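Structure, as structure tokens:
Keep in mind that this is a model prediction, so the values were computed, not measured. Chain identifiers are assigned alphabetically (A, B, ...) following the order of the sequence lines, protein sequences preceding nucleic acid strands; residue numbering begins at 1 within each chain.
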2 protein chains.
Amino acid sequence: MTRRLTTRGQQRRDQLIGFATARFAENGFHPTSVTEIVNGLGVGKGVFYWYFDSKEELFIEILRGAQQDLRRFQEKAIANEPDPLARIEFGIRASITWLAGHPDFFTLLQFAAIDEKFSKLIRLGEEIAVNDVARHIREGIDQGRIDEGDPVVLGHAILGVTNQLTRVLLFEKKYEPGSVADTVIRFALGGLRGFSGVIAAGALSVTST
Amino acid sequence: MTRRLTTRGQQRRDQLIGFATARFAENGFHPTSVTEIVNGLGVGKGVFYWYFDSKEELFIEILRGAQQDLRRFQEKAIANEPDPLARIEFGIRASITWLAGHPDFFTLLQFAAIDEKFSKLIRLGEEIAVNDVARHIREGIDQGRIDEGDPVVLGHAILGVTNQLTRVLLFEKKYEPGSVADTVIRFALGGLRGFSGVIAAGALSVTST
DNA sequence: ATCTAACTTGACTGATTGGTCAAGTTCTCC
DNA sequence: GGAGAACTTGACCAATCAGTCAAGTTAGAT
């Protein structure tokens, strides 16, 4: 939906997005009803459908906006840094800093990632983020500072560590963003360097029941 | 709900669990209706409520059963292995092998993890898994083979890598479970060993917008 | 053979959902 | 001050939901 919005209209739209973000983050997409959103804001239902075609469109709007904001923040953080490993570190640090300031969005990401309706958008954003870091990894490999390996796969590994530790340390255990980032970076860079010789690859030959 | 079940009843119950698992994995918990489940099985709605108090109870039942099965599988895989690093490797390998045989459950885990109604159960199971691996990590630290660090935090880091790479490599890119495990283990053990000296800790002093 | 507990049916209920729309109000621009 | 666009209202709709229940069927135990 595209509409010419007055200042008042823009404010109302932002208000809807803000309130809906909070409700979605708390209850999830499906359990949060449009009625709940408009009632919470004390406006009629028509207001919602004046600004958005559907509940789904609103959610996508939220996701897109946040993804864009995060990416810009990351780019700004690594700009002009020549060292690829430092770029990886700055990227991780920026992501965690941004997420610390947007906890609702972290939750929304989880919801969206598994919902058929939104997972494509999330995977796309994830792919972009992974490709960004994969570029730095490739450079690191070329410089002989990172072990041989598929940069995209390693990028996913970093994303996995970052997400999990952000959730547990930042949002559950309430650690400082900086210290969470330190931990993630230490593990991620160690992981990139790899481990010489898997202890017992293929030694386990069990089959699933 | 506990009932005396005949053989026929037990079969029906299993059938409900099996079909519901597939539907939940495909559509998610909220969008899958009880009507859809019983219609798909060609039975009356009363059948569902003869075996389960609610849709929620069924879902919890599925989660609990799968968590139990996975844990037993992990335990069997590391039994009698004296080397802590090998136990970590075997545990990771077993988890990925098991998930390869139960792809629906992997999806269900994601759904459950973010739903307020089920996240407690998931976090509990996650905590158990992390504590398991944390024990081996602590041993590895004591043996001087793993860098100093909070074993529980490191356990979460391993869980994060495992989950992400399992999703992307095993389920999306359809790699072999064994090769996915190799990649995860290499990164995880490298991460445990850590990275001597963070490149530029705290050098980034940006604030979130 | 019969009794009883296990199992099954499917119409029904009350509540809620996403979305519509005719009508009314406010704002902006000329 | 008036015309038209932007905005708002809230009753309304068709669909769907989780869950109930009285009635009926099946099958193992005695």
Side-chain angles (χ1 to χ4, degrees), chain A residues 1-63 108 111-112 115-118, chain B residues 1-63 108 111-112 115-118:
Chain A
M1 157 130 9
T2 314
R3 263 191 215 284
R4 320 180 75 233
L5 296 181
T6 63
T7 308
R8 174 190 167 199
Q10 189 58 55
Q11 280 174 356
R12 183 66 96 196
R13 206 182 115 99
D14 291 346
Q15 190 188 22
L16 281 164
I17 288 183
F19 189 80
T21 299
R23 302 309 301 150
F24 286 150
E26 182 152 348
N27 292 336
F29 176 73
H30 291 292
T32 300
S33 68
V34 174
T35 304
E36 186 185 337
I37 294 169
V38 294
N39 284 354
L41 249 35
V43 300
K45 206 173 212 178
V47 168
F48 185 96
Y49 289 97
W50 176 259
Y51 295 99
F52 305 101
D53 280 332
S54 63
K55 197 174 93 167
E56 207 176 298
E57 198 212 70
L58 161 63
F59 196 63
I60 287 175
E61 193 72 6
I62 293 171
L63 292 175
L108 257 51
F111 284 115
D115 202 299
E116 221 194 334
K117 293 265 174 55
F118 313 113
Chain B
M1 158 132 8
T2 314
R3 262 193 217 281
R4 318 178 78 233
L5 296 182
T6 63
T7 308
R8 175 191 169 199
Q10 188 58 54
Q11 280 175 357
R12 184 64 96 197
R13 206 183 117 98
D14 290 347
Q15 191 189 22
L16 281 163
I17 288 183
F19 189 81
T21 299
R23 302 308 302 149
F24 286 150
E26 183 152 348
N27 291 335
F29 177 73
H30 291 292
T32 301
S33 68
V34 174
T35 303
E36 187 185 337
I37 293 169
V38 293
N39 284 355
L41 249 34
V43 299
K45 205 172 212 178
V47 167
F48 186 95
Y49 288 97
W50 175 260
Y51 295 101
F52 306 101
D53 279 333
S54 64
K55 198 173 92 165
E56 208 175 299
E57 198 213 68
L58 162 64
F59 196 63
I60 287 175
E61 193 72 5
I62 293 171
L63 292 176
L108 256 51
F111 284 114
D115 202 299
E116 219 194 334
K117 293 263 173 57
F118 312 112

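In this structure, the side chain of A:R3 does not engage the main chain of A:Y51 through any donor-acceptor pair within 3.5 Å. Between the side chain of B:K55 and the backbone N or O of B:F29 there is at least one donor-acceptor pair closer than 3.5 Å. The main-chain N or O of B:I17 is never found under 3.5 Å from a side-chain atom of B:E61 such that the two would form a donor-acceptor pair. Listed for the A:R23 side chain is no donor-acceptor partner under 3.5 Å among the backbone atoms of A:I37.
Distance A:W50 CH2 to C:dT20 C1': 14 Å, rounded to the nearest Å. In this structure, B:L41 places its CG atom 14 Å from P of C:dG10, rounding to the nearest Å. Whole-Å rounding puts the A:M1 CE to C:dG19 C1' distance at 12 Å. Rounded to whole Å, the distance from CD on A:Q10 to C1' on C:dC27 is 16 Å. Regarding A:N39, its CG atom lies at a distance of 12 Å from the P atom of C:dT16, rounded to whole Å. The CD atom of B:Q11 sits 12 Å away from the P atom of D:dA27 (whole-angstrom rounding). One atom, CD of B:E57, and another, C1' of D:dA18, lie 14 Å apart when rounded to the nearest Å. Taking atom CD on B:E36 and atom P on D:dA15, their separation rounds to 18 Å, with Å as the unit.
No side-chain donor-acceptor contact under 3.5 Å links A:Q11 and A:R8.
At a threshold of 4.0 angstrom between heavy atoms, the contacts of A:R3 with the nucleic acid are absent. Backbone-only engagement by B:V34 is indicated by non-hydrogen atom pairs under 4.0 Å involving sugar-phosphate atoms exclusively. Here A:T7 lies out of heavy-atom contact (under 4.0 Å) with every strand. Contact annotation for A:Y51: backbone-only contact, meaning every heavy-atom pair under 4.0 Å involves sugar-phosphate atoms and none involves a base. B:G9 comes within contact range of the sugar-phosphate backbone alone, with a heavy-atom separation under 4.0 Å but no base atom that close.
For A:S33, a side-chain nitrogen or oxygen approaches OP1 or OP2 of C:dT17 to under 4.0 Å. Considering only side-chain N and O atoms, A:T6 lies under 4.0 angstrom from the phosphate OP1 or OP2 of D:dC7.
Between the side chain of A:K55 and the base of C:dG19 there is no donor-acceptor pair of N/O atoms closer than 3.5 Å. Scanning atom types as modelled, one donor and one acceptor separated by under 3.5 angstrom connect the side chain of B:K45 and the base of D:dA18.
The shortest distance between side-chain heavy atoms of B:V34 and B:Y49 falls below 4.5 Å.
Closest-nucleotide positions on DNA chain C for B:G46 and B:R4 were compared, and the one nearer the 5' end corresponds to B:R4. Mapping B:F29 and B:R8 onto DNA chain D via the closest heavy atom, the residue that lands nearer the 5' end is B:F29.
Here D:dG19 is the nucleotide among D:dG19, D:dT8, C:dT9 with the atom lying nearest to any side-chain atom of B:S54. Of the candidate nucleotides D:dT26, D:dT8, D:dA18, D:dA18 has the atom nearest to the side chain of B:Y49.
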